[in-house]
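Structure first, commentary second.
We name chains A, B, ... by the order of the sequence lines, and we start the count at 1 in each one. Since the structure is predicted, the reported quantities are computational estimates derived from the model, not experimental observations. Atom set for the values below is all heavy atoms of this structure, side chains included, hydrogens, waters and symmetry mates excluded.
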Protein chains: 2
Amino acid sequence: MTEDMSELRSERASEAIEFKTGSDTDFVNSPLRQRLKDVLLRRILGGAYKAGDRLVELKIAQEFGTSQAPVREALRDLEATGLVISKPRRGTYVAEVLSEGLREIYAVRGALEEQATRLATVRQSCDLAMLELELQGMRVAAAADDLTSLAEHSVKFHRAIVEAAGNRLLTNLWASLNIETRTTITLLVDGIDLMEAANSHRQIIDAIASGDSERASRVAREHQENFERLPTPNTKLRKDT
Amino acid sequence: MTEDMSELRSERASEAIEFKTGSDTDFVNSPLRQRLKDVLLRRILGGAYKAGDRLVELKIAQEFGTSQAPVREALRDLEATGLVISKPRRGTYVAEVLSEGLREIYAVRGALEEQATRLATVRQSCDLAMLELELQGMRVAAAADDLTSLAEHSVKFHRAIVEAAGNRLLTNLWASLNIETRTTITLLVDGIDLMEAANSHRQIIDAIASGDSERASRVAREHQENFERLPTPNTKLRKDT
DNA sequence: GCCATATCGTTTATCGATAATTGATAAAAA
DNA sequence: TTTTTATCAATTATCGATAAACGATATGGC
């Protein structure tokens, strides 16, 4: 048990960066659980943890120098998003269906955003100017080949719509999918046309502006379905393993 | 701190029933967290905890004779469903928007089940015979005025469709909404015609059977929207308090 | 040799205690 | 009197340790 310490400790140094690099949210709140979740999320999506890998709570806790409790809570959060599966007394594993699971999210996003768009369109509560602004941001980012920026603007775009629906539960659930982190990963897929991806948001704006809630909601869903057909990002990421 | 013990202990006795009465799921898994969540859920939905009430972890832990940890996890689960809100270091409160929140769920269920129905219809993966069976069960229950049974069959009905979609994430999310517990509450509303509620599922079966995924998904969503318009069950429950 | 059973190690689930943070209160200064 | 600051109490977030459960392994009977 003690012989692992050197290895783990050396790894801790490299993880420190990963640990400090807060994605975007305020880091005043629930630091440990939140940050742990973020790191684990990146590792899973990034392929550092392979499908089927077991995640032992105490081991992770030791690695980050924390206690078991926050790790446990982080894992539980991840379980809700389907990225890990934990059987009652048998431990937590990275979902076997990972590549499948990564694709599954688009159907769920589609469902939530379809409804959100419908509600927001009916209520006319969307800040179209802001959406336009984010679209511009996406275009600029796409032109500059800046994945991170593109992802950020995209997330803001979609979040704005979801929030405009005025349904907290819907917003909560959407947020729990960790769209922020996943979006970046999605864009890493080879062969994706960034500018096209950015521009595809135009249709959504137009549909919402038209006031036709059924059309708008359909467009929003189909927007997600487009990504569903792309190859799994994970596969591509593994190339350097 | 010790002077509360007598009161708490006496209350524990009455809660023991509530604590043992497992709704329907297997109780082999994660007993404490699960059961605590269930009890708290019932209290919130049943009105024992009022909107804005503060839920102090240690107090609840003492009440049930457990430690803080499982309570914490239960509360966190509830937070995901929007029934409680917890600010970082300030504690957990029953959502102020409770009556609002209770209604919000229908839009979310609508979103998820709309998509699930669409997918299941396209895949033709629905066990229509089972749906028919559950519908019969609902009719029998409605005739006998058996809320619990009606709720159980209804949940099985909808769950079957959601699972038929073959998207685990979707299923997970749907399950996290605690439909099981909430459905019973919904039916407690005065003035709801149980037989009509049961029969309304017929349309869903028919739509799925028709193979028209767009129609089916729309019917599924509208099915939820119907309940959205009903008065808040919470109000009615208070009558025997 | 094969199957049933007991023991063992590993890991989770839970516990009890501590540290740290927040809001409120009270005291002091202007 | 008002404002500022220091202290307090209450509660969460975290910790370290223990207990219980599960799978695997070893042991004994057949």
Tell me the interatomic distance from [X], atom [atom1], to [N], atom [atom2], rounded to whole angstroms.
X     : N      : atom1 : atom2 : value
A:R90 : D:dA24 : CZ    : P     : 7 Å
B:L58 : D:dT14 : CG    : C1'   : 13 Å
B:I60 : C:dC15 : CD1   : P     : 14 Å
B:R72 : C:dC15 : CZ    : C1'   : 15 Å
A:L32 : D:dT12 : CG    : P     : 17 Å
B:Q68 : D:dC15 : CD    : C1'   : 11 Å
B:L75 : D:dT11 : CG    : P     : 14 Å
A:K87 : C:dT12 : NZ    : P     : 14 Å

Derivation and outcome, side-chain hydrogen bond (donor to acceptor under 3.5 Å, both in side chains), residues B:R221 and B:Q224: CA-CA 5 Å; B:R221 171 167 51 84; B:Q224 294 303 322; over 6 Å; no

Contacts of B:R54 and B:A69 projected onto DNA chain D by closest heavy atom; the upstream (5') one is B:R54

Counting heavy atoms not belonging to B:Q124, are there more than 12 under 6.0 Å from its CD? no

How many angstroms lie between CD1 in B:I161 and CG in B:L112, if you round to the nearest 0.5 Å? 13.0 Å

Is there a side-chain polar atom (N or O) of A:R89 under 4.0 Å from OP1 or OP2 of C:dT11? no

Please work out if A:L55 contacts a base, only the sugar-phosphate, or nothing of the nucleic acid, heavy-atom cut-off 4.0 Å. sugar-phosphate

Please work out whether the ring planes of A:F157 and A:H201 are parallel, tilted or perpendicular, with thresholds of 30° and 60°. perpendicular

